[in-house]
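What follows is a set of notes on a single structure, which appears directly below.
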Amino acid sequence: RTSLWYDEACPLATTAAGPGDALRRALRFEQQPPLYFLLAWSWRVMHPSVEFLRLLSVVISLGTITLLARISRDLRIGSRGWDLALLGALTPQLLWAASEARVYALAILSVTASTWLFLRLLDPDRPMRDRDLLAYAAVSYLGLLTFYYTGFVLLGHAIAALRSSRAREMTVALGAVGLLFLPWIPGVLDQLQARLNYLPPLDWTTLPPGLALARAAGGWSLATVVESIFRFTPFMRTPAGLALVLASVAGVLAARLRRGSRRLGGTEGQMLLAAATPVAVLLLLRVTNLSLVEERHWVVAVPGLLLLPGLVLAGAAPGWPRRAASALLLATFALGTVSYARNYRGQADWKAVGRYLNMNIHAADPVLLFATDGALPLAYYFPRSNPVYTLPVPNWQRPRAQLEMRPSDEGIARQVLAEAREAGAFWIVERGAIAADSALVTLGRYTGDSLATTVQVQLGRTRVRRLAVIPRDQARR
């Protein structure tokens, strides 16, 4: 990744001033808990660039990989030729989080740490220590202050702990976390009310009860869980990719069910409950649209989904089925990572756009963005004093992605055209998917002057054009 995009530009803006401002903007503008933004602010004191902030995510993700290796040693997974750290390093969701100057790498680390401490607390061979309970409560609380959906993981821990002989101790620890988080609840409720859920309802939810609905729900659930690990990896969205995932799961179960393997249950059963709970909650929230659930929110489920096959294989009997299941699982993740890396496409290349404008624009030329999510990233790469205006993104449901202006946008369009008439030209930055004539047709409604394209370049998925303004009287001559 080279170019900053809108969702990364927001943390940069949030952490640009002092820690108090970062705290306020995290709660009001970002509508998220503040821990990551306070950490990002302190990190950016050393260097303010987006590349350096991304490095923080890399360092945090290395911590997650290290912790997965520790879990493998504790559960004797790695000693059997199967290492969670390697699987984590081949997980596209974790690799994506490591490349983003955003909260998600820290969310994965906090969930991984709390899950590790949870398993240590439930281990019947380990004595119960107060310091372990305190560490679990502290990490869980910090996880909630990092990412609210961490609460779904803690709910899974609470449900799983009910089947443990240490249910009382776990209830005390989780109760303490709840009490500590209680003062944040009013702010969380305010944020949930203000947050816009822009996702449309799922098409299959309108089907009548029956086999077709069950088949559609099952297929969607499987695809969603696969995407929670592999993101929008093209290969894993094909029938062959889904078949490979199912074959990997079947191989792991077959290896564990062989004669000589340890019986399923105990730690595996508790971990199954703990891992399944956030998955079930996120699926339910997406189906009902009660809260915004996108691919990025699934980071909280990834550590549990990675740990499950490791636990199952750790109890499998030695032999070729276990080795074959391990190899197939690692091959599945490796193929997913290769497909993700080869097909990853970032957002608009605002870095290239800013560089081009800095080299070619005149001091008085206004810039018109037909991409409302481009204002913050472009300001980072294009800090000049030229006036920059934004108009709504296109309505993608219309043919050829034509622009759709609201009545309130007319004033902005007329102001841009008036300034462009004085300067003699202006620049348009728009998504490459927008039909090339859309901006000209749309702006032509608000001026009698002629608009002529003198420069047009395609920079990745973004198009930059310079339009000369020819006054009406000159155009007639």
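Side-chain atoms are counted along with the backbone in the values below, which use heavy atoms only and exclude waters and symmetry mates. These figures come from a predicted structure and were not determined experimentally.
- The residues D349 and R461 are annotated as not salt-bridged, no charged nitrogen and carboxylate oxygen being separated by less than 4.0 angstrom.
- Here S49 pairs with H47, E51, F52, Y380 under the side chain to side chain contact (heavy atoms under 4.5 Å, CB included) rule; sequence neighbours left out.
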For residues 242-254, tabulate all N or O donor-acceptor pairs below 3.5 Å that involve a side-chain atom, not counting sequence neighbours.
{"from": "S248", "atom 1": "OG", "to": "L244", "atom 2": "O", "distance (Å)": "2.9"}
{"from": "S248", "atom 1": "OG", "to": "T332", "atom 2": "OG1", "distance (Å)": "2.6"}

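- For R28, the side-chain hydrogen bond (donor to acceptor under 3.5 Å, both in side chains) test picks out no residue, with sequence neighbours left out.
- The existence of a salt bridge linking R431 and D373 is confirmed by a sub-4.0 Å separation between a basic side-chain nitrogen and an acidic carboxylate oxygen.
- Residues passing the ring-ring contact (aromatic ring centres under 6.0 Å, His included) test with F232, sequence neighbours excluded: none.
- A275 is linked by a side chain to side chain contact (heavy atoms under 4.5 Å, CB included) to M271, L308, counting only residues two or more places apart in sequence or in another chain.
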Please output the side-chain donor-acceptor pairs of residues 202-219 that fall under 3.5 Å, not counting sequence neighbours, one pair per line with the distance.
{"from": "T205", "atom 1": "OG1", "to": "L202", "atom 2": "O", "distance (Å)": "2.5"}
{"from": "T206", "atom 1": "OG1", "to": "D203", "atom 2": "O", "distance (Å)": "2.8"}

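- Residues in residues 284-325 take part in these ring pair (Phe, Tyr, Trp, His ring centres under 6.0 Å) pairs, two or more places apart or across chains: Y149-H297.
- Residue pairs satisfying the salt bridge (Lys or Arg N to Asp or Glu O under 4.0 Å) criterion with at least one member in residues 276-302, sequence neighbours excluded, are listed as follows: R231-E295, E294-R296.
- In terms of the side chain to side chain contact (heavy atoms under 4.5 Å, CB included) criterion, residue partners of L90 (sequence neighbours excluded) are, by chain and number, L86, F333, A334, T337.
- Taking the centre and axis of the six-membered ring of F29, the NZ or CZ atom of R25 falls inside the cone set by 45° and 6.0 Å.
- Remark: Q270 pairs with L122, A160, R163, S164 by the side chain to side chain contact (heavy atoms under 4.5 Å, CB included) rule, at least two apart or across chains.
- Counting only residues at least two apart or in different chains, ring pair (Phe, Tyr, Trp, His ring centres under 6.0 Å) contacts with residues 53-72 are absent.
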All N/O donor-acceptor pairs, side-chain side in residues 167-185, below 3.5 Å, sequence neighbours left out:
{"from": "T171", "atom 1": "OG1", "to": "A167", "atom 2": "O", "distance (Å)": "2.7"}
{"from": "W184", "atom 1": "NE1", "to": "Y141", "atom 2": "OH", "distance (Å)": "3.2"}

